[in-house]
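Remember, predicted model here, so these are calculated numbers, not experimental data.
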Amino acid sequence: KGLNSRNLMKTYLLFESAFGIALFEANTDGAVVQDEKNILEMARFGKMVKLTAFSPFKMPENALAQINDLANGILGEDMINFLRTNLPKPSKGEATFQVGCGDPKLGAAVQETLGVPCVCDETTQELFRGIRFHLPNFFPQLALTDMEKAQLALAHAYSRTKVKFDVNSMDNMVKQAVFLFDQLDKDINKMSMRAKEWYGGHFPELARMVDDNITYAKLICFIKNRSSLTDESLAGLEEITKDGAKALEILQTARISMGFDLSEMDMQHVVQFAQRVVDMSAYREKLRTYLTTKMNTVAPNLSALVGVLVGARLVSHAGSLTNLSKFPASTVQILGAEKALFRALKTKSNTPKYGLIFHSSFVGKAAAKNKGRISRYLANKCAMCSRIDSFGENPTQVYGEMMHEQVEERLRFYEEGVTPRKNLVVMREAAKKIAEAALAAAAEAPAADAAATPKKEHKKKRRATASTDEVLAAAASEAPATPAAEEAAPAPAEGEKKKKKKKARVEAEPVAE
């Protein structure tokens with residue numbers, strides 16, 4: 001309900017800014033607010049809206065905490081105390097006023113906490129627009145530049161907090177890595193085709209003998225000018241191709257090749273280009289290792305189920321692992337095939353059976369008639385694994401490995417008719433494995449502590465022995481010497497006699513006192 005439907009009730013506007021919290025009293029209705037002059041002219045707007053209370057922020061940290069609470073729809077302690085202090089108290093348990101809020105979430109929190117009716121409609125939004133427009137007139141003690149600085153500082157602090165404490169930071173690393181991996185695949189293929197066309201004029205037969213693009217680029221860097229190949233080059237060719245017969249064939253074909261000669265400058269550019277392809281391929285392998293490590297940390301069960309690349313593409317397409325865990329299995333099944341889905345809905349044809357999970361090995365193994373069935377089953381397991389990875393407390397790959405076995409059993413059931421295990425049995429086995437692993441880890445910890453304890457006891461024993469020896473030596477020195485011992489003991493030096501006399505004199509002084 002809007003302000004115009006509650007003309008008998010007072011309306012207080014709760015205004016949040018970068019420098020404090022303010023409460024305004026509004027005396028108007030919706031018809032008056034619709035006139036633009038009443039909003040833009042301070043003489044008219046000042047009669048409709050009056051400042052009732054204002055609570056400035058003492059520190060920038062208070063402003064940041066307040067905006068974080070507002071963003072999450074939470075009513076902070078400062079806001080609750082401010083409203084309870086400045087709002088009128090309800091008479092007979094019913095409020096005779098309402099609070100206008102700029103955010104519906106904030107209004108719901110105020111109504112739930114304080115029991116005060118709240119409103120958030122077009123009329124309140126227009127009033128808030130007028131307050132922001134005439135803000136320097138309501139707070140003449142604050143300069144306009146100070147307000148702008150406070151807003152800018154709060155915006156920077158809020159953005160910095162959001163970026164620093166982003167819960168999806170690890171997911172973003174996976175997204176960027178898989179994007180770069182796919183881009184490298186395309187670039188390497190294009191550059192390899194260009195290298196074949198460029199070097200093919202000099203050695204056209206090489207492309208027929210070598211199918212792999214990276215091996216072809218490595219051979220360009222090794223061979224360079226085909227006329228430079230000798231019998232001594234056979235070992236290097238065999239190391240690159242991993243095939244002695246093929247290396248011998250390349251050597252023999254290079255001697256009778258029908259290609260034209262390249263100048264030294266042209267050959268230098270071709271070799272540099274081929275070396276770039278080799279370097280990109282090496283970096284691609286490093287990126288795959290990095291992506292595997294990240295996925296084992298972010299989504300270990302999903303990686304164990306469908307593989308690192310397919311799992312990373314699912315997370316990337318969904319936006320984050322949390323978003324993927326919220327998707328139903330039917331959405332996960334066609335994730336990545338949105339264009340085909342909407343085209344099918346528009347033309348009223350058959351919808352797609354799979355999206356990104358088509359690249360999984362399970363869908364490739366299945367027969368044509370079973371691809372849709374296995375993709376639906378696989379999507380179900382992917383949804384379960386993503387939820388375990390997203391909301392599980394202890395990261396583990398046990399559930400993903402067990403579900404991987406389940407998909408293999410289901411595929412065998414479709415192909416051979418072998419009955420798979422029930423899901424309840426498999427999950428119990430997974431829970432048992434996790435419990436056994438936890439017990440083994442707990443047993444290893446006391447063993448490590450026990451191994452370290454004897455050393456400490458040995459050190460304590462040695463220290464005790466040393467202290468006992470010191471006590472015995474001190475007691476022996478204080479005991480009266482026998483005549484035989486006095487005769488056997490050597491006469492002390494003059495310096496030692498003086499020290500002993502001085503020490504005895506110092507010890508005797510407190511006694512005399």
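- The CD1 atom of Ile374 lies 5.0 Å from the CG atom of Leu411; values are rounded to the nearest 0.5 Å.
- With respect to Lys433 and Glu436, no salt bridge is recorded, no charged nitrogen being found less than 4.0 Å from a carboxylate O.
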Q: Apply side-chain contact (heavy atoms from CB on, under 4.5 Å) to the pair Phe133 and Ile39, showing each step before the final yes or no.
A: CA-CA 9 Å; Phe133 185 76; Ile39 300 296; 5.8 Å; no

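- Residue Glu393 places its CD atom among 12 or fewer non-hydrogen atoms of other residues, nucleotides or ligands, all under 6.0 Å distant.
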Review point. Are Trp198 and His269 close enough, and set up right, to give a side-chain contact (heavy atoms from CB on, under 4.5 Å), and what steps lead you there?
Key: CA-CA 10 Å; Trp198 202 351; His269 283 281; 4.0 Å; yes

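- Listed by chain and residue number, Arg421 satisfy the salt bridge (Lys or Arg N to Asp or Glu O under 4.0 Å) test with Glu409 (two or more places apart in sequence, or in another chain).
- Here CZ of Arg194 is found 10.5 Å from CE of Met191. Values are rounded to the nearest 0.5 Å.
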side-chain contact (heavy atoms from CB on, under 4.5 Å) for Lys37 and Arg44? Distances and angles first, verdict last. CA-CA 8 Å; Lys37 292 183 179 179; Arg44 297 185 179 184; 3.4 Å; yes

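- The distance from atom CG of Leu75 to atom CD of Glu112, rounded to the nearest 0.5 Å, is 10.0 Å.
- With a 4.5 Å cut-off on side-chain heavy atoms, Leu378 and Val306 count as touching.
- Taking NZ of Lys294 as the start and CG of Asn172 as the end, the distance is 11.0 Å to the nearest 0.5 Å.
- Ser316 places no side-chain N or O within 3.5 Å of a backbone atom of Ala312 that could act as its donor or acceptor partner.
- Asp389 places no side-chain N or O within 3.5 Å of a backbone atom of Leu321 that could act as its donor or acceptor partner.
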Query - Derivation of the side-chain contact (heavy atoms from CB on, under 4.5 Å) call for Leu144 and Glu148 - result: CA-CA 6 Å; Leu144 183 60; Glu148 294 176 352; 4.0 Å; yes

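- Heavy atoms only, all atoms of each residue included: Ile357 and Ser375 are closest at CD1-O, 3.4 Å.
- Here Asn38 contributes atom CG and Phe45 contributes atom CZ; the two are 9.5 Å apart, rounded to the nearest 0.5 Å.
- Distance alone, capped at 3.5 Å, places no donor-acceptor pair between the Asn62 side chain and the Ala65 backbone.
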Item checked: Worked verdict on Glu429 versus Lys432 for salt bridge (Lys or Arg N to Asp or Glu O under 4.0 Å) -> CA-CA 5 Å; Glu429 291 181 4; Lys432 185 178 179 181; over 6 Å; no

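- Under a 3.5 Å cut-off, the side chain of Lys50 and the backbone N or O of Lys47 do not form any donor-acceptor pair.
- Atom CG of residue Asp171 and atom OG1 of residue Thr322 lie 6.0 Å apart, to the nearest 0.5 angstrom.
- Phe82 pairs in a side chain to side chain contact (heavy atoms under 4.5 Å, CB included) with only one of the listed residues (Asn86, Thr85, Asp78), which is Asn86.
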Test ring pair (Phe, Tyr, Trp, His ring centres under 6.0 Å) on Phe362 and Tyr377; report intermediate values, then the result. CA-CA 10 Å; Phe362 296 114; Tyr377 188 82; 9.4 Å; no

The test is ring pair (Phe, Tyr, Trp, His ring centres under 6.0 Å); show your working for Phe54 and Phe138 and say whether it passes. CA-CA 10 Å; Phe54 176 66; Phe138 286 107; over 10 Å; no

